[in-house]
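First comes the structure, then the notes that go with it.
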Amino acid sequence: MSSSNLARWPAIIGMLGVAIANLALLPLGFHIAAYLGVMAILAAGMALASAAALFTDDTNLVWALALAEGVLNAAGYLVTRLTGLPFAEPYSLRQWSQPATLAIALLGTAVAGLASWTLHTRRGRPCVSTPVTSALERERRGVSGVGRARQAPHVKFRQSRRGDDLGRRRRRPSDAHH
């Protein structure tokens, strides 16, 4: 089982938790200042979009989105608690233990950790989500065909009439001058 399969469902659940926590903050956000309610709606929408993207696809781009979403949620909690928010300082400044915002920070950190781990374990390996169907694309990606060993792209082999490789290198026009 790959790292993305292990991390995918917890990341989806974490993003859904972030969305629910942001929706729980809607009444308080609109009570304090209208822009806080709008920010909670946007944050919930972004978390739902990130969860939907993780549910439908498993590419590095989607995991990068989950990483960005998690980091932004955790950093947003930290910045708003340290500096406060305009027109909302009594509610936001140094209120470290408010349950919904603490849940957003913890779930965002967890999702960022899962996404970082997934992207790190995939580093150096291409993530191919669609199968290779053409011979040209197989050659370009370095995927071996059915029943043939993978060959270095710069070495050309001559084939006999039976179809098997003779093991001799085909002369290229550039080799003729040597």
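Because the structure is a prediction, the values reported are computed rather than measured.
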Name the atoms and distances for all side-chain donor-acceptor pairs under 3.5 Å in residues 102-116, with sequence neighbours left out.
residue : atom : partner : partner atom : Å
Thr109  : OG1  : Ala105  : O            : 2.8
Ser116  : OG   : Ala112  : O            : 2.8

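- Within the 4.5 Å cutoff, the side chain of Leu65 has no heavy atoms near those of the Met15 side chain.
- Partner of Val62 under the side chain to side chain contact (heavy atoms under 4.5 Å, CB included) criterion, out of Thr59, Asp58, Asn60: Thr59 alone.
- Minimum heavy-atom separation, Tyr77 to Thr101: CD1-O, 3.4 Å.
- With a 4.5 Å cut-off between side-chain heavy atoms of Ile, Leu, Val, Met, Phe, Trp and Tyr, the cluster of Leu23 takes in Leu26, Phe30, Val38, Ile41, Leu42.
- Of all heavy-atom pairs spanning Ala47 and Val18, the tightest one is CB-CG1, 3.8 Å.
- Residues Leu6 and Trp117 share a closest heavy-atom pair of CD1-CH2, 4.0 Å.
- Atoms OG and CZ, from Ser50 and Phe55 in turn, are 14.0 Å apart once rounded to the nearest 0.5 Å.
- Atom CE of residue Met46 and atom CG of residue Asn22 lie 9.5 Å apart, to the nearest 0.5 angstrom.
- The minimum heavy-atom distance between Ala66 and Leu54, with the atom names listed, is CB-CD1, 4.0 Å.
- Under the 4.5 Å side-chain heavy-atom criterion for ILVMFWY residues, a single connected hydrophobic cluster contains both Ile12 and Leu48.
- When the side chains of ILVMFWY residues are joined at heavy-atom separations under 4.5 Å, either directly or via intervening members, Leu72 and Val79 end up in two distinct hydrophobic clusters.
- For the residue pair Gln98 and Leu28, the shortest heavy atom distance occurs at NE2-CD2, 3.1 Å.
- Atom-to-atom distance recorded for Leu67:CG and Trp63:CH2 is 10.5 Å, nearest 0.5 angstrom.
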